[in-house]
Amino acid sequence: MGVRHPSVPEQVPAEIAGLLSLRDVLKRATALSLGGLVLAALPAADRILATVPPADAAVDLADATLQAVADTLIPGRRALVTDLGHEIHPKAIAGAHPEPGAVETDALALFHSPLIGFDALEPAFLAEVQTRSLPRGGQFLDLPFAKRVAVCVDGLDPANPSITVWEAAIAVAFTSFIAAATQRNATIDTASGYQVMGYPGTAPNGYADYSYRRKLSREVTANGSLP
């Protein structure tokens, strides 16, 4: 389970990376679209809320908790504001990695995007996060990083009947980081995720001094596309 899948950024804790490889969350998110993945998770969210008392579902500091979850999935350095200048709650980032993580790439803004629809899942997701956090010593936001990872590993367990809700949350955090989904024509100067992964520039010109040091293929297929 500790082997990192090639599509999972190096910042992801090994326990979670293995589960992401197993569930292939990113591939599903691409095939269904983020919005489709959220819609697929709605029945599981309804089941969560049907079994959780209303008072327990009303989570304090909801946005800060979503930021903390994103930071657990793709950890990053401590920061005060996101790429877009939005505030980061001081307890959200655990500082488990020296480079930017999902929070700095505005994962929270993507969580609340009306195009994604995750707001419909948020109460159920946060209720389950807290239900799994309290036996470990407190609300998710107050847990040390190792215990936050343990909560996410539990949520990602294939035996968890609510796993589709967790998959939707994870897909949002990863899309924010890997695809700079909150920015239009993002560049390596504006997108923290690209600063970590590298980025050859926005089409069609890119950066003249940037290369992955691999020669592009000059062959073409019968219809003219690259092989």
Side-chain angles (χ1 to χ4, degrees), residues 1 4-9 11-13 15-54 56-59 62-75 92 101-103 105-133 140 148-184 193:
M1 189 172 72
R4 183 168 66 90
H5 190 278
S7 68
V8 178
Q11 292 98 319
V12 179
E15 299 94 328
I16 294 176
L19 288 167
L20 289 175
S21 300
L22 178 65
R23 302 297 299 177
D24 214 0
V25 173
L26 294 180
K27 184 180 293 184
R28 288 188 59 192
T30 301
L32 296 174
S33 81
L34 275 177
L37 194 57
V38 168
L39 285 174
L42 285 173
D46 289 340
R47 288 196 299 271
I48 294 172
L49 291 178
T51 59
V52 176
D56 293 340
V59 180
D63 283 354
T65 302
L66 286 176
Q67 287 184 328
V69 170
D71 178 67
T72 308
L73 299 170
I74 305 183
V103 177
T105 65
D106 277 282
L108 181 61
L110 195 58
F111 273 121
H112 290 314
S113 169
L115 297 176
I116 304 304
F118 188 85
D119 285 342
L121 298 182
E122 180 181 328
F125 176 66
L126 292 180
E128 176 145 317
V129 168
Q130 300 299 13
T131 297
R132 296 179 182 277
S133 298
F140 190 84
R148 292 181 179 184
V149 170
V151 170
C152 291
V153 169
D154 278 356
L156 281 166
D157 189 322
N160 177 14
S162 305
I163 191 171
T164 53
V165 178
W166 288 80
E167 287 180 334
I170 288 166
V172 172
F174 271 63
T175 303
S176 173
F177 183 86
I178 294 173
T182 59
Q183 298 186 36
R184 184 177 180 86

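For the single chain, residues carry numbers from 1 onward in sequence order. Since this is a predicted model, take the numbers as computed values, not measurements.
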What distance do [X] atom [atom1] and [Y] atom [atom2] have between them, rounded to the nearest 0.5 Å?
{"X": "Thr131", "Y": "Leu126", "atom1": "OG1", "atom2": "CG", "answer": "10.5 Å"}
{"X": "Ile178", "Y": "Ile74", "atom1": "CD1", "atom2": "CD1", "answer": "5.5 Å"}
{"X": "Leu39", "Y": "Leu121", "atom1": "CG", "atom2": "CG", "answer": "8.5 Å"}
{"X": "Arg148", "Y": "Leu73", "atom1": "CZ", "atom2": "CG", "answer": "11.0 Å"}
{"X": "Leu66", "Y": "Asp71", "atom1": "CG", "atom2": "CG", "answer": "12.5 Å"}
{"X": "Leu110", "Y": "Ser176", "atom1": "CG", "atom2": "OG", "answer": "5.5 Å"}

Which heavy atom of [X] sits nearest a heavy atom of [Y], and at what distance?
{"X": "Trp166", "Y": "Arg132", "value": "CZ2-CD, 4.0 Å"}
{"X": "Gln67", "Y": "Leu108", "value": "NE2-CD2, 3.7 Å"}
{"X": "Ile163", "Y": "Gly155", "value": "CG1-O, 3.8 Å"}
{"X": "Ala124", "Y": "Ala45", "value": "CB-O, 3.4 Å"}
{"X": "Ala102", "Y": "Phe177", "value": "N-CD1, 4.0 Å"}
{"X": "Val165", "Y": "Ala41", "value": "CG2-O, 3.7 Å"}

- Item | N/O donor-acceptor pair under 3.5 Å between Thr72 side chain and Ala68 backbone | yes
Listed pairs under 3.5 Å, donor-acceptor, residues 113-120 side chains, sequence neighbours left out:
from, atom 1, to, atom 2, distance (Å)
Ser113, OG, Leu115, N, 3.2
Asp119, OD1, His112, ND1, 2.6

- Would you mind listing every side chain to side chain donor-acceptor pair (under 3.5 Å) that reaches into residues 43-53, with sequence neighbours excluded?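 Qualifying pairs: none.
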